Amino acid sequence: MLGGVSQRLTEVTAFLAEILTPRAPLTVIVDGGDHGAAGHFAARLAAAFPPSARAWNVDAVLGLTGSSGGALDSALNVLEPAADRVIVYLRSGGRGPAGPGERRAQVVIDNHDPQWPVIRELHPRLADPDRWHLAESQAFFAPRAAGWDDKFGEDLPAYAKAVDAVAPEPGDVVLDIGCGTGRALPALAAAVGPAGRVIGLDCTRDMLTTARTKGRDRWATLVQADARHLPVADAAAEVVFAAGLVHHLPDPAAGLAELARVTRAGGRLALFHPTGRAALAARHGRTLTADEPLNEANLEPLLTSAGWALSVYEDDDDRFLAVAVRVS
Ligand SMILES: C[S@@+](CC[C@H](N)C(=O)[O-])C[C@H]1O[C@@H](n2cnc3c(N)ncnc32)[C@H](O)[C@@H]1O
């Protein structure tokens, strides 16, 4: 905290002001959040705009529709007349399943802790994901790393079962991408044996630190890396395991293509989660929508265009598993 103002809030609002300023004149609407959160965030965002693009009129439009319609909570105009409109949605635990407010937003911010807002989605027309994805993912996952396994369970048997589905063989090179605290690593290491090699990669240093604290570096080499630009040679791996990763990537198609690049022809990919999609969405207070990348109707063509052939698709309450084979 700096002078009572969260440094994270300052970072997020400064970044948004930086990418929105060139779009002025525009109206920014801050929607969602618990009571008062949208107004507070809008005021901080307004203050972050440079004098040349002075944000004004924040208070005048606060409570635009308010609680009555549950639609738009606060807005600030940046110069006048506003030709463009950007909706910033604050996700919080207070309002039940995400409704149309979140779906129509161009910026989605996890605001469960208003002192620690994290950008979770940002429309690519506003900024290239390279400008925000890594820093914001790290900001999201780092505070969760130490308690990750306590909160979600070690679940090692579920991970071992998912590893079986891609059948790594003794001597194989296996990558666990977005490995987090390394819940899959013991099973992957057991499958490839001493002649094989397991590498766990994750962009969040604190996740890898927790993996080491749990002794999981015994099973794998741990590397801090971006799944979208892997420090791995082409066709280096027989098996790629990615649990809970793909829906966190800003461009899942590009992410799947990068996983394909590092996998040899005939190699296998497991996309896994120890909870099914519907149960996971409910846990996050969301309802599933048809456009999600892990929906089978979307995933199959995404995989195909990235160089994979989908061979298994399961989406039960207690697990999500898609297995794909690298096409030569
Ligand atoms: C939902 S967690 C899953 C962790 C672990 N696979 C598990 O199943 O427990 C997602 C992980 O992906 C990582 N991640 C998100 N974006 C990433 C990226 N671009 N590159 C590498 N890791 C990323 C996060 O740091 C986090 O550890």
Side-chain angles (χ1 to χ4, degrees), residues 87 89 91 97-110 119-130 132-134 136-137 140-141 158 162 165-166 175-178 180 184 203 226-230 239-263 265 267-328:
I87 301 179
Y89 184 85
R91 219 182 245 172
E102 174 165 342
R103 271 179 240 134
R104 74 179 158 224
Q106 290 79 48
V107 184
V108 176
I109 294 188
D110 182 289
I119 299 171
R120 302 300 288 143
E121 290 170 30
L122 195 134
H123 197 286
R125 101 179 144 89
L126 298 179
D128 188 309
D130 279 344
W132 62 273
H133 165 69
L134 271 193
E136 295 299 311
S137 284
F140 184 77
F141 285 106
V166 272
L175 308 177
D176 181 0
I177 303 181
C203 69
D226 183 352
R228 302 168 309 148
H229 308 286
L230 291 165
V239 167
V240 169
F241 192 87
L245 172 75
V246 168
H247 61 281
H248 287 297
L249 298 179
D251 182 348
L256 290 170
E258 177 64 353
L259 304 191
R261 181 187 68 76
V262 299
T263 309
R268 277 93 57 215
L269 167 70
L271 304 178
F272 170 65
H273 201 285
T275 310
R277 291 170 57 241
L280 185 65
R283 187 204 282 168
H284 293 162
R286 292 188 299 110
T287 37
L288 278 180
T289 56
D291 58 353
E292 299 190 5
L294 294 182
N295 179 354
E296 186 172 11
N298 303 325
L299 183 61
E300 181 156 29
L302 276 178
L303 284 165
T304 303
S305 57
W308 299 100
L310 180 64
S311 62
V312 172
Y313 185 92
E314 293 174 18
D315 187 14
D316 303 322
D317 276 355
D318 59 353
R319 87 163 170 178
F320 172 85
L321 178 71
V323 175
V325 178
R326 178 78 170 98
V327 179
S328 53

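In this text, all values refer to a predicted model and were calculated from it rather than measured experimentally. Computed over heavy atoms, backbone and side chain alike; hydrogens, waters and symmetry mates excluded.
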**OP:** Kindly determine whether Leu310 and Glu296 satisfy side chain to side chain contact (heavy atoms under 4.5 Å, CB included), including the steps that lead there.
**Re:** CA-CA 9 Å; Leu310 180 64; Glu296 186 172 11; 4.3 Å; yes
**OP:** Give the intermediate values and the outcome of side chain to side chain contact (heavy atoms under 4.5 Å, CB included) for residues Leu299 and Leu256.
**Re:** CA-CA 10 Å; Leu299 183 61; Leu256 290 170; 4.3 Å; yes
Original post:
Please walk me through it: do Arg277 and Asp315 pass salt bridge (charged side-chain N to carboxylate O under 4.0 Å, His left out)?
Top reply: CA-CA 7 Å; Arg277 291 170 57 241; Asp315 187 14; 3.2 Å; yes
Subject >> Criterion side chain to side chain contact (heavy atoms under 4.5 Å, CB included) on Ile87 and Val107, from CA distance to verdict >> reply: CA-CA 6 Å; Ile87 301 179; Val107 184; over 6 Å; no
**OP:** Tell me, with the steps shown, if Thr287 and Arg103 meet side chain to side chain contact (heavy atoms under 4.5 Å, CB included).
**Re:** CA-CA 11 Å; Thr287 37; Arg103 271 179 240 134; 3.4 Å; yes
**OP:** Take Arg228 and Asp130, measure what salt bridge (charged side-chain N to carboxylate O under 4.0 Å, His left out) needs, and give me the verdict at the end.
**Re:** CA-CA 10 Å; Arg228 302 168 309 148; Asp130 279 344; 3.1 Å; yes
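Counting non-hydrogen atoms of neighbouring residues, nucleotides and ligands closer than 6.0 angstrom, the CG atom of Asp128 exceeds 12 such neighbours.
Residues His248 and Phe141 have side chains in contact (heavy-atom distance under 4.5 Å, counting atoms from C-beta outward).
Ring pair Phe320/Tyr313 is perpendicular by interplanar angle, where above 60° counts as perpendicular and below 30° as parallel.
Here OG1 of Thr263 is found 7.0 Å from CG of Leu269. Values are rounded to the nearest 0.5 Å.
Closest heavy-atom contact between Gly244 and His273: CA-CD2, 3.8 Å. Minimum interatomic distance between Phe241 and Ala184 (heavy atoms only, all atoms of both residues): CE2-CB, 3.5 Å.
For the pair Arg268 (side chain) and Val166 (backbone), a donor-acceptor distance under 3.5 Å is present.
Between the side chains of Arg283 and Thr275, a donor-acceptor pair is found at a separation under 3.5 Å.
Under the 6.0 Å distance and 45° angle rule, Arg120 counts as a cation-pi partner of Phe140.
Using a 4.0 Å cut-off between charged side-chain N and carboxylate O, Glu121 and Arg91 make a salt bridge.
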